[in-house]
Structures are given as C-alpha cells and as structure tokens.
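Read the numbers this way: they start at 1 and go in the same order the structure lists the ligands and their atoms.
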Amino acid sequence: MIGWLDCGAGASGDMFLGALVDAGVPVEILQQAVDALGVERVELHPDPVTRHGLSATHVRVECPPTTVDRRFSAIRDLIAAADLPERARADAIEAFTRLGRAEAIAHRVELEKVHFHEVGALDSLADVVAACAGIEWLRVHRGLTGVTASQVTVGGGVTRGAHGGIPLPAPATLAVLSAADAPVSGEVPYEACTPTGAALIATFATGYGTLPPMRVKAIGVGAGGRDPKERANLLRLVLGEPVGAQATGTATVLETNVDDLDPRLWPPVQAALFAAGASDAWLTPILMKKGRPAHTLHVLCRDDVAPAVREAIFAHTTAIGLRVLTVGKHALDREMSTVDVEGRPVRIKLARVGETVVNVSVEYEDVAALALELGRPAKQVLAAATAKAYRRYPEVAP
Ligand SMILES: O=C([S-])c1cc(C(=O)S)c[n+]([C@@H]2O[C@H](COP(=O)(O)O)[C@@H](O)[C@H]2O)c1
Ligand code: NI
C-alpha cells in the first residue's frame, strides 16, 4: 500500500489527525501515543464535520492551560523516553528536529535552545506523536510502504504569534518545507500550512508530485478547525495499491563490501536501513581483496529514497564508499485482504497478473501475534490461515 497526501488546502497537526482517523486509524491508537508522553492530559476528540459541504473528520486536540515552556531538547527527551512504537518515536523526533531547526533559523538561536511556547508546544507535541503513531499503525496494519505529497499550499497574510504579527507563510513553515525541497505556493490569504503540518509532511513524504497511479483502497479526509470561504479546508490522505509505472520501472541497488564491521551490528544496520526507506537489505559472504573474508551489503530501494538510504549506510556501517546501480523492476499488482482464524483477522497479500490471482501469502507478523495471543504454535496458525486463503483462492492452491 502507498499513500498520497493532497496538501492543496495546506496542512496542520489537527488536519493530519483527522485524515488518519478518517482513513481508519483507531483514535485510541493516537490517544495512547499522546498518553505515553506522560505530560499534561491532552484529549483527542474526533468529530464528523463538513467543509464547503464536503464531509470530513476534525480531531479536536484539547490541551489544559499550562505554564510549562519547553525547549527543543526537553521535547526530544520526552519523546525519546515515551513508550511508543520504535518507528513512531523516530519519526516524532525527526518531525520535532525539523521544527526545531526551522525555529532556530527563524529566530537565529541554537537548536538546543529553541523554545516552544506553553500550549503551542503541548498541542504540537500531541499532534506530532499522534500522527507518527497513526502512520506507524497504517504501516503495520495496512502494509503502508511509503507516502508522497502534492505541492503544498501555504497561504499568505499575517497571523499573531507570541511576539506579535508573523508574516505568512510563517518563517518556520517555509524553513521546514524548503529544507525538505517541497514545492509550495501561496494561493490563499490565510495560514493554510502551519509549521507542525509542514514538519509532518516533510517527515512522511519521500517525494512530491501528483496522485501516483494506484488502485485506491481508502481515503481519509481531515478538516482544519476553520472553514475559510476560499476553499474547503481539508487534508486528504489517499491510500492504495501501486499500479503501472510504479510497479514496473526502475529501482536503486546500493552495494558496498565491508570487512571490518562488528557482526553484532548488522541487525541494527538493517533496522536503520528499513527506517530510511529500504525495500530490502541483505548480505552476501565474499572473499575480497587481500584474501579477507567479508560481506557485500546490498540494499534495494525506490529511486527517490536512495539519498536517505545512502546516508544511513554511511552513518551505520564502516563503509566509506558504495556502488549505485539503477535496476529494472517489475512488481505484480498487490492487494491486501484478510481471512478469519478463530474469529481474528489475519492479513493475506494477493498478487495479480491482470485480474488473475497468481499468488497468496499470509502475513507472518499477524500469524506470530495471533499465535502468541492464542497460546498456539505459529505453525498451526499459519496452516489454518493458509488453508482459509487457498479455500478462497483455489486457483493458487497446490
Ligand atoms: O510564537 C512563535 S515564535 C511563532 C513562530 C512561528 C514561526 O514561524 S518562527 C510561527 N508561529 C505561529 O504559531 C502557530 C502555531 O503553529 P503550529 O504548527 O503549532 O500549529 C502558527 O500560527 C504559526 O504560524 C509562532
Ligand atoms: Ni517561531
């Protein structure tokens, strides 16, 4: 599954949460992430709303009055210590680092000393961790592999900040989006994209453009708090299975020979590569120059995430150079479905050639989780799920 963010009406933290809930992410997942921070009680309330007659979900983020001023370093430490899924935590730190760097540029202060004001900081903190937990839920439960975004409408005019009038687009919004090389335009006379919205787009989007070719499976429509007359204040998250050019085209393989990395570090290297967007990463044992036993690290990724994957290889291994290969790719159209095992859903992945299903595979993560829950061996749950899948798609049964 891939995702595309329609940012034609801008983006903000609450619009992100609305889009996620509207796309099917349980609000409890978002609330748990906020609760995991252990700060003042912040409550998320999803409401069905309309904007210009279009239905959407708005998530009210209710923050109590607070006098706590939070520096960037304190916020980063709070997120680092929170009990969140690992990738959600890493994304939340990344989003706040993007915000912090932007504020540091705008106010000419050091990153560690950037200061977020009281309720603004709490609201933004809740938005960021909840959105990151929501995207992680989509990765785990809907097989989301990547997100791209449209050009971002940022708006124009003036807004009020803690220190007075702020020109729009807000300096932090512009700094975040320019650092991410995101295409922007003004278009409307108000603040369409906030700094938090910009930081979330920049964290999740691996590229920018129009809706990629996909079979659409879910659409999440998130509303902003206001209903300006110029356009429907909506952020749309479109989720679907890639088709056509995305399935058939090119990919990048990065390769490097490594003879001096402590072998205990390979699993965290692999985790870091996946976090950077790798589609797969594997090692081949080799005998390299000077007769040294070593490994070739191969990393396959989409072309647009290759720079991030390259950075991760240099950051996490001892490699000081690598090969970059553009390879042809043909991937079958895929689609997720579920089968029922003892009343619980287990996801299956279907692969099609045209309309014909040619392969069905049971998602092992679901099997392992259900086996744990039922206290049964994973092989039994796998066999039960596979039997159900073959019953539904006898054309692929052995
Ligand atoms: O108060 C300050 S310093 C402030 C700075 C900036 C900069 O761009 S710098 C922007 N703002 C405005 O505050 C709100 C909050 O944005 P969220 O991202 O937390 O929703 C927004 O209107 C910014 O433009 C304040
Ligand atoms: Ni600021």
Side-chain angles (χ1 to χ4, degrees), residues 5 7 9-20 30 34 37 39-40 42 44 58-76 78-79 91-92 94-132 152-180 182 184 186 188-204 222-226 228 233 235:
L5 288 163
C7 309
S12 61
D14 55 348
M15 286 162 87
F16 251 98
L17 304 190
L20 288 164
L30 309 187
V34 174
L37 288 167
V39 292
E40 298 90 328
V42 176
L44 307 181
H58 178 247
V59 173
R60 244 177 326 119
V61 181
E62 267 185 21
C63 294
T66 173
T67 50
V68 183
D69 263 9
R70 293 188 161 97
R71 281 189 176 195
F72 166 74
S73 48
I75 289 182
R76 185 195 48 213
L78 258 177
I79 300 172
D91 284 346
E94 180 184 332
F96 250 100
T97 305
R98 288 177 183 275
L99 267 179
R101 285 199 184 119
E103 289 282 338
I105 292 167
H107 300 285
R108 206 176 288 152
V109 290
E110 282 169 44
L111 174 62
E112 295 297 319
K113 292 187 183 150
V114 162
H115 186 80
F116 294 91
H117 297 275
E118 301 165 358
V119 175
L122 190 56
D123 179 88
S124 177
L125 187 54
D127 287 344
V128 165
V129 293
C132 293
V152 184
T153 297
V154 288
V158 177
T159 188
R160 303 298 305 171
H163 308 295
I166 294 175
L168 294 172
T173 301
L174 265 189
V176 165
L177 293 174
S178 78
V184 298
V188 290
Y190 55 86
E191 184 168 37
C193 186
T194 64
T196 303
L200 291 170
I201 295 169
T203 299
F204 301 133
R226 291 173 304 152
N233 194 13
L235 172 72

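Crowding of Arg101 atom CZ: a count of heavy atoms from other residues, nucleotides or ligands under 6.0 Å not exceeding 12.
The proximity of Asp123 to ligand 1, defined as any non-hydrogen pair under 4.0 Å, does not occur for either the backbone or the side chain. Looking at Ala170 against ligand 1, both its backbone and its side chain come within 4.0 Å, counting heavy atoms.
With rounding to the nearest 0.5 Å, the separation of OG1 in Thr194 from CG in Asp127 is 7.5 Å. The line from CE of Met15 to CD1 of Ile201 is 9.0 Å long, rounded to the nearest 0.5 Å. For the atom pair CD1 (Ile75) and NE2 (His115), the distance works out to 10.0 Å, reported to the nearest 0.5 Å.
The Ni ion (ligand 2) is closest to atom NE2 of His107 (considering only N, O or S atoms). Closest N/O/S atom of Glu103 to the Ni ion (ligand 2): OE1.
For the pair Asp91 (side chain) and Cys132 (backbone), a donor-acceptor distance under 3.5 Å is absent.
The shortest N or O to N or O distance between Glu103 and ligand 1 is not under 3.5 Å. Looking at ligand 1, you won't find any N or O of Gly197 less than 3.5 Å from one of its N or O atoms. The shortest N or O to N or O distance between His107 and ligand 1 is not below 3.5 Å.
When the options Thr153, Leu168, Val184, Thr173 are evaluated for a side chain to side chain contact (heavy atoms under 4.5 Å, CB included) with Cys193, the one that passes is Thr173.
Set against the non-hydrogen atoms of Thr196, the atoms of ligand 1 under 4.0 Å away are 17 (P), 18 (O), 19 (O), 20 (O). Which parts of ligand 1 touch Ala106 is read off a 4.0 Å heavy-atom cut-off, strictly below it: atoms 9 (S).
Heavy-atom separations between Ser12 and ligand 1 are all 4.0 Å or longer. Assignment of Arg160 to the shell around ligand 1 is not supported, since no heavy atom sits closer than 4.0 Å.
With salt bridges taken as basic N to acidic carboxylate O contacts below 4.0 Å, none links Glu110 and Arg71. Under the 4.0 Å criterion applied to side-chain N and carboxylate O atoms, Arg70 and Glu103 are not assigned as salt-bridge partners.
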